[in-house]
Amino acid sequence: GPVDTCEFKDGPEPEFRWDAQLETYLLQRPQLVHSLAGFSLDESWEVETYNQLSTYIAGGAIDIAAIFRKNVFDMLLTLGAAIFEVKKGQLSVDMIDQLTEYVEWTARLLPGLERDMIHGILVGREFARPTQQAEQLAVKVENLAPRYNLAVVTYRVRKGVVEFERLSG
């Protein structure tokens, strides 16, 4: 049967059972994807969304990619992209490196797009308490800010409801 995207692993910090479940949860909610990516859209925008987009050379697949195009004077212009790296569990600093590789790959794929128009979003479960990992992630995103447009977003499950929070970026 169909996968229940709201089936969570029990414990003190409930989380999605699989990364793919979290991906599906996001893909079923395009407005959430757009807002986490930092794009506010009206009817003049078109969005192409991809799941598990193979990068060949960058060594893996982009979990979720969204290409944002806007109709300007009867021309469809590519004005932005969002690359999501999705983890059901807690995030670690090395995941930022993977995300920046995917941003670079996307910049080569969409030649008219400046690197800062490509938003890289890392999504994972919230940190149970302020941790060194969370601090290191924030520092790394800040250090890369002149070169990359990155954000760290965490989720938590409260009484079966998923809530997202932008930590940095």
Side-chain angles (χ1 to χ4, degrees), residues 5 13 15-16 19-42 45-53 55 58-70 78-110 112-158 161-169:
T5 58
E13 297 296 324
E15 68 182 26
F16 287 91
D19 292 344
Q21 229 180 342
L22 176 51
E23 285 173 32
T24 303
Y25 182 89
L26 290 168
L27 289 164
Q28 289 175 341
R29 294 159 178 82
Q31 298 305 331
L32 178 59
V33 168
H34 305 162
S35 109
L36 292 177
F39 287 92
S40 63
L41 311 176
D42 60 28
W45 288 84
E46 283 185 23
V47 183
E48 289 175 33
T49 306
Y50 303 92
N51 183 224
Q52 289 300 314
L53 183 63
T55 60
I62 295 171
D63 293 335
I64 298 172
I67 313 297
F68 296 90
R69 294 190 168 101
K70 187 174 173 102
T78 302
L79 295 181
I83 305 304
F84 286 80
E85 180 61 24
V86 176
K87 301 291 180 199
K88 68 179 177 68
Q90 285 187 343
L91 302 171
S92 63
V93 177
D94 59 325
M95 294 172 186
I96 293 284
D97 297 330
Q98 186 180 12
L99 187 59
T100 56
E101 280 183 35
Y102 291 161
V103 167
E104 290 290 346
W105 183 85
T106 305
R108 287 191 296 276
L109 192 70
L110 300 168
L113 227 45
E114 297 295 324
R115 196 183 288 107
D116 67 341
M117 297 162 75
I118 303 169
H119 300 204
I121 301 98
L122 191 57
V123 181
R125 184 170 59 74
E126 75 172 345
F127 297 95
R129 57 195 174 287
T131 63
Q132 195 174 358
Q133 259 179 305
E135 180 61 31
Q136 288 171 340
L137 264 170
V139 166
K140 183 145 189 173
V141 166
E142 195 175 309
N143 289 343
L144 290 169
R147 190 170 163 88
Y148 296 100
N149 191 338
L150 304 177
V152 176
V153 172
T154 59
Y155 78 87
R156 71 173 158 230
V157 181
R158 282 234 175 105
V161 175
V162 185
E163 301 170 348
F164 292 87
E165 181 183 359
R166 199 176 177 107
L167 291 189
S168 60

Q: Could I get the full list of side-chain hydrogen bond (donor to acceptor under 3.5 Å, both in side chains) partners for Asn143, not counting sequence neighbours?
A: none
Q. When you measure from the centre of the six-membered ring of Tyr25, is the NZ or CZ of Arg29 under 6.0 Å away and within 45° of the axis?
A. yes
Residue pair [X] / [Y], side-chain heavy-atom distance below 4.5 Å:
X: Leu137; Y: Gln133; result: no
X: Tyr50; Y: Glu48; result: yes
X: Phe16; Y: Tyr155; result: yes
X: Val123; Y: Asp63; result: no
X: Leu110; Y: Ile118; result: no
X: Met117; Y: Asn149; result: no

Q: Could you list the residues that satisfy side chain to side chain contact (heavy atoms under 4.5 Å, CB included) with Asp116, not counting sequence neighbours?
A: Glu114
Please report, to 0.1 Å, the donor-acceptor pairs under 3.5 Å made by any side chain of residues 33-42, with sequence neighbours excluded.
| residue | atom | partner | partner atom | Å |
| --- | --- | --- | --- | --- |
| His34 | ND1 | Pro30 | O | 3.4 |
| His34 | NE2 | Pro30 | O | 3.4 |
| Asp42 | OD1 | Ser44 | N | 2.8 |
| Asp42 | OD1 | Ser44 | OG | 2.5 |

Could you go through residues 81-91 and list every donor-acceptor pair under 3.5 Å that involves a side-chain atom there, pairing it with any protein atom two or more places apart or in another chain?
| residue | atom | partner | partner atom | Å |
| --- | --- | --- | --- | --- |
| Glu85 | OE2 | Lys87 | NZ | 3.1 |
| Lys88 | NZ | Glu15 | OE2 | 3.2 |

Q: Give a yes or no on whether the backbone of Gly60 and the side-chain of Thr55 come within a donor-acceptor separation of less than 3.5 Å.
A: yes
Q | Listed once per pair and sorted, the salt bridge (charged side-chain N to carboxylate O under 4.0 Å, His left out) pairs that draw on residues 138-149, sequence neighbours left out | A | Asp97-Lys140, Glu104-Arg147
What's the spacing between [X] [atom1] and [Y] [atom2] if we round to 0.5 Å?
X: Leu113; Y: Leu79; atom1: CG; atom2: CG; answer: 8.0 Å
X: Leu53; Y: Thr106; atom1: CG; atom2: OG1; answer: 7.5 Å
X: Leu26; Y: Phe164; atom1: CG; atom2: CZ; answer: 4.5 Å
X: Leu122; Y: Leu99; atom1: CG; atom2: CG; answer: 6.0 Å
X: Leu22; Y: Ile64; atom1: CG; atom2: CD1; answer: 7.0 Å
X: Ile96; Y: Tyr148; atom1: CD1; atom2: OH; answer: 11.5 Å

Q | Contacts of Arg156 that satisfy salt bridge (charged side-chain N to carboxylate O under 4.0 Å, His left out) - sequence neighbours left out | A | Glu126, Glu163
(Q) Under 3.5 Å, is there a donor on one side chain and an acceptor on the other for Gln98 and Tyr102? (A) yes
